[in-house]
Structure formats: C-alpha cells, structure tokens
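A quick write-up on the structure given underneath.
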Amino acid sequence: NTCNNKRLDLVFIIDSSRSVRPYDFEKVKEFILTILQFLDISPDATRVGLIQYGSTVKHEFSLKTFRRKQEIERAVRRMMHLATGTMTGLAIQYAVNIAFSESEGARPLNQNVPRIIMIVTDGRPQDPVGEIAAKARNSGILIFAIGVGRVDMNTLKSIGSEPHEEHIFLVANFSQIETLTSVFQTKLC
C-alpha cells in the first residue's frame, strides 16, 4: 500500500450524463474501485467524497461520510446512473462550495492537507466551466481531468491544473480508463 498514512481530501466528480452508456458507467465505477485499493482510507489519512452529475449534481457521499474503505466501495457499487445532461461547471462549483467545506469533512486549509478533484468526463459541458474551474484551482484545489472519447481538448485544459501534461489525461474509451490506474497511484501517493 504505497499511500500509507497519506493525508488527502479527494473528491471524485463523475460524468453521469446520458451520453455515458450504462456499460461505460460501470467501467468508471471499476476505475474508482481500483484507485481506492491503494489509498489509505481513514479520518486521519485519506478522506474520499463522490459527486456525480448530469443535469443536476448528486452528492453520493461526502469526505466525512465513511471511515472505512469497504463502506466507500459499497457506496460506489450502489451508485445509479443519472443519464441526463452535462452540467460540468455546476458539479465543480458544488465541489468548491460544499464538498470541500469543513462541515462536509474537509480539513481546514491551515492543516495543508492536499485537496484534489478527480473529474471523469466524456464531454462537452452544457454550462461554462473555465471560470469555475479556475476559481477551484485558485482556492488551492488540484484538479486531475480525465477525458474519455471525443472530448474537446480545450475544455479539458480549462478544467485541469497546470502543468497540463501532468494533470490532463485522455483515453479513447471507457475500457481504457483502467490504464491510468498506475499513473494515479504514483501521482496520489
């Protein structure tokens, strides 16, 4: 377990729009479950939250909801596909305002616990995302953007942190998303 005692506040933001097919949605869940394998999940080490979005934002669980890895895995497996629009900006805004608030379990900024968003999207957002993502990054959140399929690269660049080559990833399809697992193991640990 390479992430031993690693303190992170990590929020996954998952595109659950109708263009993400049910099979693909399952692939994203598998990807999250694989990443959870090497994280040291506990209130004192890594805390994990999960948001999925379509036309609305659905907060699956917050950074303070679960204290054990098994509970998070169960919640990820139970997550239902929304199959609606693509409000990516709204989801990032939600993460900044709510998911990373201390009341939802984020640790105070003065503790210097890295705040990380890992966003998986297949798409072209239906709302402005650049300004909101910039606000998130300026507030000290590191954003990894994973684009799947025919993604608009400029959109990904407007979301992910700099330098882009370290924070933006593009895979051809959802089956290839697991090829990123080892990359994230290195980056997160």
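Worth saying up front: this structure is predicted, and the values here are computed from it rather than measured. Count residues from 1 along the sequence. Worth knowing before you read on, the calculation uses all heavy atoms, side chains too, and leaves out hydrogens, waters and symmetry mates.
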Using atom types as modelled, flag every donor-acceptor pair under 3.5 Å from a side chain in residues 83-100 to any protein atom, sequence neighbours excluded.
residue	atom	partner	partner atom	Å
T84	OG1	S55	N	2.9
T88	OG1	Y53	OH	3.2
Y94	OH	H59	ND1	2.7

Residues 167-178, side-chain donor-acceptor partners within the protein, below 3.5 Å, at least two apart:
residue	atom	partner	partner atom	Å
H167	ND1	S161	O	3.3
H167	ND1	E162	O	3.4
H167	ND1	P163	O	2.9
N173	OD1	S175	N	3.1
N173	OD1	Q176	N	3.1
Q176	OE1	A172	N	3.3

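To the nearest 0.5 Å, the span separating CD1 on I143 from CZ on R137 amounts to 5.5 Å. In this structure, CD1 on I159 lies 6.0 Å from OG1 on T121, to the nearest 0.5 angstrom. Taken to the nearest 0.5 Å, the CD1 atom of I35 stands 10.5 Å off from the CD atom of Q37. Residue Q185 holds its CD atom at 13.0 Å from CG of L180, rounded to the nearest 0.5 Å. One distance of note links CG of L63 with OG1 of T46; it measures 10.5 Å at 0.5 Å rounding. Note: I72 CD1 to R67 CZ = 11.5 Å, rounded to the nearest 0.5 Å.
By the 4.5 Å heavy-atom criterion applied to side chains, S16 and H81 are counted as neighbours. A heavy-atom distance below 4.5 Å is not found between the side chains of I119 and F12. For the pair E73/L33, a side-chain contact is recorded, criterion being any heavy-atom separation below 4.5 Å from C-beta on. Side-chain atoms of Q52 and L82, non-hydrogen and from C-beta on, do get closer than 4.5 Å to each other.
A single hydrophobic cluster is seen to contain both F31 and V76, as judged by linkage of ILVMFWY side chains at heavy-atom distances under 4.5 Å, directly or through other members. No continuous path of ILVMFWY side-chain contacts below 4.5 Å connects V129 to I14, so the two sit in separate hydrophobic clusters. In the hydrophobic cluster analysis, where Ile, Leu, Val, Met, Phe, Trp and Tyr join through side-chain heavy atoms closer than 4.5 angstrom, F184 is grouped together with I116. The hydrophobic clustering, which links ILVMFWY residues whose side-chain heavy atoms are closer than 4.5 Å, places V57 and F61 apart. Cluster annotation: F38 and L142 are assigned to the same hydrophobic cluster (Ile/Leu/Val/Met/Phe/Trp/Tyr, side-chain heavy-atom contacts under 4.5 Å, transitive).
Enclosure of atom CD in E26 by more than 12 non-hydrogen atoms of other residues, nucleotides or ligands within 6.0 angstrom is indicated. For NZ of K29, the number of neighbouring non-hydrogen atoms (other residues, nucleotides, ligands) closer than 6.0 Å is greater than 12. Atom NZ of K64 is surrounded by more than 12 heavy atoms from other residues, nucleotides or ligands within 6.0 Å.
E71 places a side-chain N or O within donor-acceptor distance of the main-chain N or O of R68, the cut-off being under 3.5 Å. In this structure, the side chain of K157 does not engage the main chain of D152 through any donor-acceptor pair within 3.5 Å. When atom types are taken as modelled, the side chain of N138 and the backbone of A134 share a donor-acceptor pair closer than 3.5 angstrom. Remark: side-chain polar atoms of R124 are paired, donor with acceptor, to backbone N or O of R150 under 3.5 angstrom. No side-chain donor-acceptor contact under 3.5 Å links R47 to the backbone of L8. For D40 (side chain) and N4 (main-chain N/O), no donor-acceptor pair under 3.5 Å exists by modelled atom type. With hydrogens and angles disregarded, no donor-acceptor distance shorter than 3.5 Å links the side chain of S17 to the backbone of G54. Here the side chain of K69 pairs a donor or acceptor atom with the backbone of L36 at under 3.5 angstrom.
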Practice task
For V48 and F66, run side chain to side chain contact (heavy atoms under 4.5 Å, CB included): C-alpha distance rounded to whole Å, both residues' side-chain angles, the deciding distance at 0.1 Å, then the answer.
Solution key: CA-CA 8 Å; V48 175; F66 299 120; over 6 Å; no

Practice task
I would like to know whether K58 and E60 meet salt bridge (Lys or Arg N to Asp or Glu O under 4.0 Å); could you show each step before the answer?
Solution key: CA-CA 6 Å; K58 185 163 191 281; E60 290 290 333; 3.0 Å; yes

Practice task
Give the C-alpha distance, both sets of side-chain angles, the deciding distance and a yes or no for side chain to side chain contact (heavy atoms under 4.5 Å, CB included) between L39 and K6.
Solution key: CA-CA 8 Å; L39 297 176; K6 182 82 186 199; over 6 Å; no

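Residues D44 and S42 have side chains that never bring a donor and an acceptor to within less than 3.5 angstrom of each other. S62 and T65 share a donor-acceptor pair across their side chains, judged by distance under 3.5 Å alone. Under 3.5 Å, the side chains of D122 and S19 contain a donor-acceptor pair of N or O atoms.
The residues D24 and K27 are annotated as not salt-bridged, no charged nitrogen and carboxylate oxygen being separated by less than 4.0 angstrom.
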